[in-house]
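Inspection log for the structure reproduced underneath, given as structure tokens.
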There are 2 protein chains.
Amino acid sequence: MARHNTTRFAVLGALAWQPMSGYDIKKALDRSVSHFWSENFGHLYPVLRQLAAEGLVTQKREQSGRRPAKSVYRLTDRGEDELGRWLASEPGAAPRRNELLLQLFFGRRLDKTTLRDKIRRERERQVGAQATLAAVRDEIKKAHAGPDGALWLLTLRYGELMSEAAVKWCDECERWAARAR
Amino acid sequence: MARHNTTRFAVLGALAWQPMSGYDIKKALDRSVSHFWSENFGHLYPVLRQLAAEGLVTQKREQSGRRPAKSVYRLTDRGEDELGRWLASEPGAAPRRNELLLQLFFGRRLDKTTLRDKIRRERERQVGAQATLAAVRDEIKKAHAGPDGALWLLTLRYGELMSEAAVKWCDECERWAARAR
DNA sequence: GCAACAATATATCACTATGGCATATTGCCC
DNA sequence: GGGCAATATGCCATAGTGATATATTGTTGC
């Protein structure tokens, strides 16, 4: 068995915030945790059905205006308990699968130009990510001064430090490529 | 379809190094790229069979002494071409799934002690990782001064910078927790 | 000398997760 | 009014994980 279903807990955590549809959950997660977590519909919807079947969430069909009907899910007491148990549990290791580094590692046969281009594009991606993080930081400061805000800033800070380190690494690579020609 | 099979390329890359059995490939990858890449047997063996069926590798049964027979795989010319194409291609984004951060993000209901313990364990993990990286660095310096060595050190350096940044983050979290009591 | 255990070598299975495509409606811009 | 983004969900093929099974050899300790 593949450890445990972490999507479950991302969903329960989001619903602890407020009742939402699957689509809303995806949007909410994308806005808040996308720098260290990703979900996709293909898994999200089945997990929601499963959680409903287990009684950890309730499902309610809702019609608003003439928009397509949506299923709004709400956390139950048992769902809260389940969330609480997971929160206190030991977190699993993050997946290690960095394709860029794998290409570099086996990149002996690549010419220097291709290598440098790879690094430069990575640097651009990271700088772009930093802009996104800055925007998230602004949003948190404005909208969420509460007890959550501090924890959110902590996770944001993680992303910032990682991205800074990645840029630093790109620059070191550039200097190395410039020397070794 | 789920983007593309990256395990394929990890395997081709390893076999470009030298002919090996599935077990050997796993060992070789674990020793060299484990700080940014992981493979497991459950996927590795099926992929090897698939690569053989496609003619990108050849399979040869080998008996050595009375040890269990093993299948040694060797890269074909078409396999080399496939590897070359992938090396020059745009790398896919790394999976974003950090369970520790997800727990912190939803961790409003956790008490400070639990939070601090989580951070401390993370710090210990990172310090442990740094020790492993240092050992790998030594090994590379000793055994591989060739053209590969420089690229390997680049990927190693990435791991070092990430781990340093992670420890820095842990320390910032500690200071935050100390302030906010 | 034998039990316990690590390493060698592969395979299978259940489950988790990804990403592409399909579908249908509404709202907006040119 | 044509096209495209957003809302809302579902399905499928494929990728990837981790537990477990199996059989042999080599090593370590009692």
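All values reported here derive from a predicted model rather than from experimental measurement. Residue numbers begin at 1 in each chain, while the letters A, B, ... track the order of the sequences. Worth knowing before you read on, the calculation uses all heavy atoms, side chains too, and leaves out hydrogens, waters and symmetry mates.
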Contacts of A:R61 and A:R3 projected onto DNA chain D by closest heavy atom; the upstream (5') one is A:R61
Have a look at B:R8 and say if it touches a base, only the backbone sugar-phosphate, or nothing, with a 4.0 Å heavy-atom cut-off. nothing
Look at the side chain of A:S21 and decide which nucleotide, out of C:dG19, C:dT10, D:dT9, has an atom nearest to it. D:dT9
With no angle test and no hydrogens, is the base of D:dG18 tied to the side chain of B:N40 by a donor-acceptor pair under 3.5 Å? yes
Distance below 4.0 Å between A:S38 side-chain N/O and C:dT18 OP1 or OP2: yes
Nucleotide of D:dT17, D:dA15, C:dT16 approaching A:N5 most closely (side-chain heavy atoms): C:dT16
Nearest to the side chain of A:R97 - C:dT10, D:dG10, D:dT17? D:dT17
Between A:Q50 and B:G42, who's closer to the 5' end of DNA chain C by nearest nucleotide? B:G42
With the side chain of B:H43 defined as its heavy atoms from C-beta on, choose the nearest nucleotide among C:dT10, D:dT17, C:dT16. D:dT17
First locate atom CZ of A:F9, then atom OG of A:S89, and finally report the distance between them rounded to the nearest 0.5 Å. 7.0 Å
Hey, does the side chain of B:S38 reach the backbone of B:S34 with a donor-acceptor pair shorter than 3.5 angstrom? no
Please state how far atom CE in B:M20 lies from atom P in C:dA9, giving the value in whole angstrom units. 13 Å
Between D:dG10, C:dA9, C:dT8, which one does the side chain of B:K27 approach most closely? C:dT8
Considering only residues two or more places apart or on different chains, which pairs with a residue in residues 93-130 of chain B satisfy ring pair (Phe, Tyr, Trp, His ring centres under 6.0 Å)? A:W152-B:F105
Verify whether one side chain among B:E99 and A:W86 offers a donor that lies under 3.5 Å from an acceptor in the other. yes
Of the listed nucleotides C:dT18, D:dA15, D:dA6, the one nearest the side chain of A:Y23: D:dA6
Counting heavy atoms from C-beta on, name the nucleotide in C:dA17, D:dG16, C:dA9 closest to the side chain of B:K70. C:dA9
Result for 5'-nearest mapping on DNA chain C, choosing between B:A93 and B:F41, is B:F41
